[in-house]
Amino acid sequence: MDKIIIQGGRRLEGEIENSGAKNAALPVIAASLLTKGWNSFANIPNLVDIRTIKTLLGSFGVVFAQEGSTLRVNAGDIVSCLAAYDLVRTMRASVLVLGPLVARMGEARVSLPGGCAIGARPVNLHIRALQDMGAEVELQDGYVVAKARRLKGAEIYFDMVTVTGTENIMMAATLAEGTTILKNAAREPEVVNLADILIGMGARIAGVGTDVVRIDGVPSLHPVEGVVIADRIEAGTFMIAAGIVGGDVRIRGCHPGHHDALIAKLRDAGLKIETGEDFVRAVGRGRPRSVDVKTLAYPGFPTDLQAQFMSLMTVAGGLSVITETIFENRFMHVSELMRMGADIVVQGGSAIVKGTPALQGAPVMATDLRASASLILAGLAAEGITELSRVYHLDRGYERIEEKFARLGAAIERVKA
Ligand code: UD1
């Protein structure tokens, strides 16, 4: 298995190009199941998770053509509605095929994703919403089996804000009979991106970006040409990197308006942040200040940047309380950061981080995607060499992260096993 080796302590300076968002690309690719004919999506990142969803849709009979970062998808002939355990267990977001398959084909058999490193993460809200829309749903041998001749519009209240739940049911509702109202819907930019692309396919959706979304069902949708938004988690990771090593990093091709929560916290931590129409420049100025952070649904502070922000706080000049409210078990990076000299105590859903002047490089192991990124950041700041193993987590969601950091001046390389 590949490893990433980092010699810490180098200042980062320069510009990187923000890649397309994994969490926008996945639902958008799933949405092509709602149409017959060639869809075309620009700005698709080259990631393991994207290959996984292509393999999954390929198993239904969907065909693809890749032209650079543009992916063309044709779901004209669907020959199977079975999302097998082997694929779903490697990527929870596979559940995004459930809504579109039931809406288009009248049935779907999708494996339950099972356990996941960052918590139980059930899909009960997805299932409940489909039942509210008239689907018959059963659990059989670890699979969700959903059937509906035609889904019916319904008023759906989400008990918790769920991103893929909102996306799944929004897709299902586009082809339902009548009007669906989603209450307490997710407002993430990736949900808005999906809705814009569905509207391009002929869907009738209003209220996107608010917590009440109205979908008026139509009999059919047509293929579309769409563009995937920039990855705000990748951009945020590089902004935080500028703070942890005292660098000057410009991220091109991003949407500064998606970063309000992070930018506010980075400014509180002492970074200078400059924004333009499509760029953010982050400048670290000496040792960061400690600030408290609580993860929340968008537009709150993203849980997918919690681990990276914690790395920043490990070298800050004071005490920081980082509270995770979205997932119950998302502090697995803590023990690895402590192996690098970080001073962290976890109490319930909060981590109390006492900044130390310097971290030390160490062999560390990634436990999930964002935890891996936090260990890279720590390694960039640490004295000595950090060796990160289980790099496959990183490859699920960051496009050539080591090349991007190397371009900024980091001493970082991937060692092939
Ligand atoms: C998405 C993102 C992920 C991000 C997360 C929160 C994608 C592909 N993934 O994941 O990167 O960390 O949003 O911003 O977009 N829940 C239930 N029942 C359900 C659904 C969710 O209890 O049926 C709970 C979850 O366990 C969790 C919370 O709701 O505690 C939020 O989860 P959700 O927004 O659904 O996360 P994902 O959509 O899986």
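Counting starts at 1 for both ligands and their atoms, in listed order. What you see below is based on every heavy atom in this structure, not just the backbone, and it leaves out hydrogens, waters and symmetry mates. Since this is a predicted model, take the numbers as computed values, not measurements.
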**Request:** For atom 37 (P) of ligand 1, state which one of D159, T164, D49 supplies the nearest heavy atom.
**Result:**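 Minimum heavy-atom distance to atom 37 (P) of ligand 1 goes to T164.
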**Prompt:** Which option, P122, A21, G165, owns the non-hydrogen atom nearest atom 20 (C) of ligand 1?
**Reply:**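 That would be P122.
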**Prompt:** Applying side-chain hydrogen bond (donor to acceptor under 3.5 Å, both in side chains), which residue pairs with at least one partner in residues 55-75 are found, sequence neighbours left out?
**Reply:**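 Listed by first then second residue: K54-Q66.
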**Any pair counted as side-chain hydrogen bond (donor to acceptor under 3.5 Å, both in side chains), so long as it reaches residues 201-226, sequence neighbours left out** =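 Every pair satisfying side-chain hydrogen bond (donor to acceptor under 3.5 Å, both in side chains) with a residue in residues 201-226: T179-D216, R214-D216.
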**Least distance between heavy atoms, L271 atom then M239 atom** =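 Answer, listing the atom of L271 first, then M239: CD2-O, 3.7 Å.
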**Asked** Charged N to carboxylate O under 4.0 angstrom, D2 versus R390?
**Response**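 No, this pair does not count.
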**Item:** Short N-O contact, E107 and K147, less than 4.0 angstrom
**Value:**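 Salt bridge absent between E107 and K147.
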**Item:** From K404, R252, R281, residue fulfilling salt bridge (charged side-chain N to carboxylate O under 4.0 Å, His left out) relative to E15
**Value:**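 The salt bridge (charged side-chain N to carboxylate O under 4.0 Å, His left out) with E15 is passed solely by R252 among K404, R252, R281.
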Going by the atom numbers of ligand 1, which of them fall below 4.0 Å from some non-hydrogen atom of [X]?
X: H126; value: 23 (O)
X: M160; value: 22 (O), 24 (C), 28 (C), 29 (O), 30 (O)
X: V123; value: 19 (C), 23 (O)
X: V161; value: 31 (C), 34 (O)
X: A93; value: 8 (C)
X: T303; value: 6 (C), 12 (O), 14 (O)
X: R330; value: 12 (O)
X: I326; value: 27 (C), 28 (C), 30 (O), 31 (C)

**Asked** Between T162 and ligand 1, which part of the residue brings a heavy atom under 4.0 Å of the ligand: side chain, backbone, both or neither?
**Response**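 Under 4.0 Å from ligand 1, T162 contributes backbone and side-chain atoms.
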Checking the N or O distance criterion of under 3.5 Å, is ligand 1 in contact with [X]?
X: E328; value: no
X: L26; value: no
X: N124; value: yes
X: E188; value: no

**Asked** Do H126 and N168 meet the criterion of a side-chain donor-acceptor pair at a distance under 3.5 Å?
**Response**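 The answer is yes; a qualifying pair exists.
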**Message:** Within the 3.5 Å criterion, strictly below it, is a donor on R232 or N23 matched to an acceptor on the partner's side chain?
**Reply:**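 Side chains of R232 and N23: no pair found under 3.5 Å.
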**Asked** Honestly, is R250 close enough over F279, meaning NZ or CZ under 6.0 Å from the six-membered ring centre and within 45° of the axis?
**Response**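 Here R250 passes the 6.0 Å and 45° test against F279.
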**Message:** Rounded at 0.5 Å granularity, tell me how far OG in S80 sits from CG in L101.
**Reply:**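 Atom-to-atom, S80:OG and L101:CG are 8.5 Å apart.
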**Asked** Mind checking whether R92 has a heavy atom under 4.0 Å from ligand 1?
**Response**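 Contact check R92 vs ligand 1: positive.
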